[in-house]
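In this text the structure is predicted, and so the values were computed from the model without any measurement.
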Amino acid sequence: MLSIGDMAKRTGVKVPTIRYYEQMGLISAADRTGGNQRRYETSDLERLAFIRHARELGFPIEAIRELLALSGHPERPCERADEIAREQLAEVREKIARLRKLETELSRIAACCDGHSIEDCHVIRALSDHGLCEGEH
């Protein structure tokens, strides 16, 4: 049996986050000791590691919930899991594209500033007037 602190140390997930995942139903409610301390099984540790890794990859909670449900049926085809991963990949690619646009615009804005005074600062003017930007971002 593992304490919540042990779970946090082993997975790198903070204690409040573990409690949150428990409240959300992503991990089972822990058994309690006589002193009301949470006690987790090794399977809970593995599940928490799965959740942490999925969160690192940017999966939203609902996708993780579905992936966890799918993992409970190892005999089933993995089509839906593949679909969820493809959806996440598309989302990541969209974010990367938006970040590239932001990078281009910020680079352009910063390069236009001649560094004199704030009243002549292109950065301040561009942030005040979206029309000075070269495109949508």
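The structure places CG of L26 at 11.5 Å from OG1 of T17, a figure rounded to the nearest 0.5 Å. The CD atom of E91 sits 10.5 Å away from atom CD1 of I96, with the distance rounded to the nearest 0.5 Å. Atom CD1 of residue I124 and atom CG of residue D129 lie 13.0 Å apart, to the nearest 0.5 angstrom. Between atom OG of residue S43 and atom CG of residue L2 there is a gap of 9.5 Å, rounded to the nearest 0.5 Å. The structure places CE of M7 at 6.5 Å from OG1 of T11, a figure rounded to the nearest 0.5 Å. For the atom pair CD of E105 and NE2 of H130, the computed distance is 8.0 Å after rounding to the nearest 0.5 Å.
Hydrophobic clustering, with ILVMFWY side chains joined whenever heavy atoms are under 4.5 angstrom apart, groups Y21 together with L57. A continuous path of hydrophobic side-chain contacts links F59 to Y20 [ILVMFWY only; heavy atoms under 4.5 Å]. By the rule that hydrophobic residues join a cluster once side-chain heavy atoms approach within less than 4.5 Å of another member, I109 and L102 end up as members of separate clusters. Hydrophobic clustering (ILVMFWY, side-chain heavy atoms < 4.5 Å, transitive): L67 and V92 are in distinct clusters. When hydrophobic clusters are built by joining Ile, Leu, Val, Met, Phe, Trp and Tyr residues whose side-chain heavy atoms come closer than 4.5 Å, directly or via intermediates, I4 is not grouped with M1.
Ion pairing between R100 and E103 fails under the 4.0 Å rule for side-chain N and carboxylate O. Under a 4.0 Å N-O distance rule, the pair R86/E79 does not qualify as a salt bridge.
Here the shortest heavy-atom pairing between S3 and R39 reads CB-NH1, 3.0 Å. In plain terms, the two heavy atoms of V123 and A110 that are nearest each other are CG2-CA, 4.2 Å. S71 approaches P74 most closely through the heavy-atom pair O-CD, 3.9 Å.
Side-chain contact between D6 and L45 is absent, with no heavy-atom pair separated by less than 4.5 Å. Considering only heavy atoms from C-beta on, L48 comes within 4.5 Å of I18 through its side chain. A heavy-atom distance below 4.5 Å is not found between the side chains of V13 and I51.
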Self-check item: Candidate pair E22 and R19, rule salt bridge (Lys or Arg N to Asp or Glu O under 4.0 Å), full reasoning
Solution: CA-CA 5 Å; E22 192 174 312; R19 289 187 191 118; over 6 Å; no
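Shown here are the side-chain hydrogen bond (donor to acceptor under 3.5 Å, both in side chains) partners of E46, two or more places apart in sequence or in another chain: there are none.
R55 contributes no side-chain N or O that, together with a main-chain N or O of I64, makes up a donor-acceptor pair within less than 3.5 Å. In terms of modelled atom types and a separation under 3.5 Å, the side chain of Q88 and the main chain of G58 share a donor-acceptor contact. Although no hydrogens or angles enter the test, the distance criterion places no donor-acceptor pair under 3.5 Å between the side chain of R38 and the main chain of A30.
For R10, the CZ atom sits in a loose shell: 12 or fewer heavy atoms of surrounding residues, nucleotides or ligands are nearer than 6.0 Å. Under a cut-off of 6.0 angstrom, the local environment of CZ in R93 is sparse, with at most 12 non-hydrogen atoms contributed by other residues, nucleotides or ligands.
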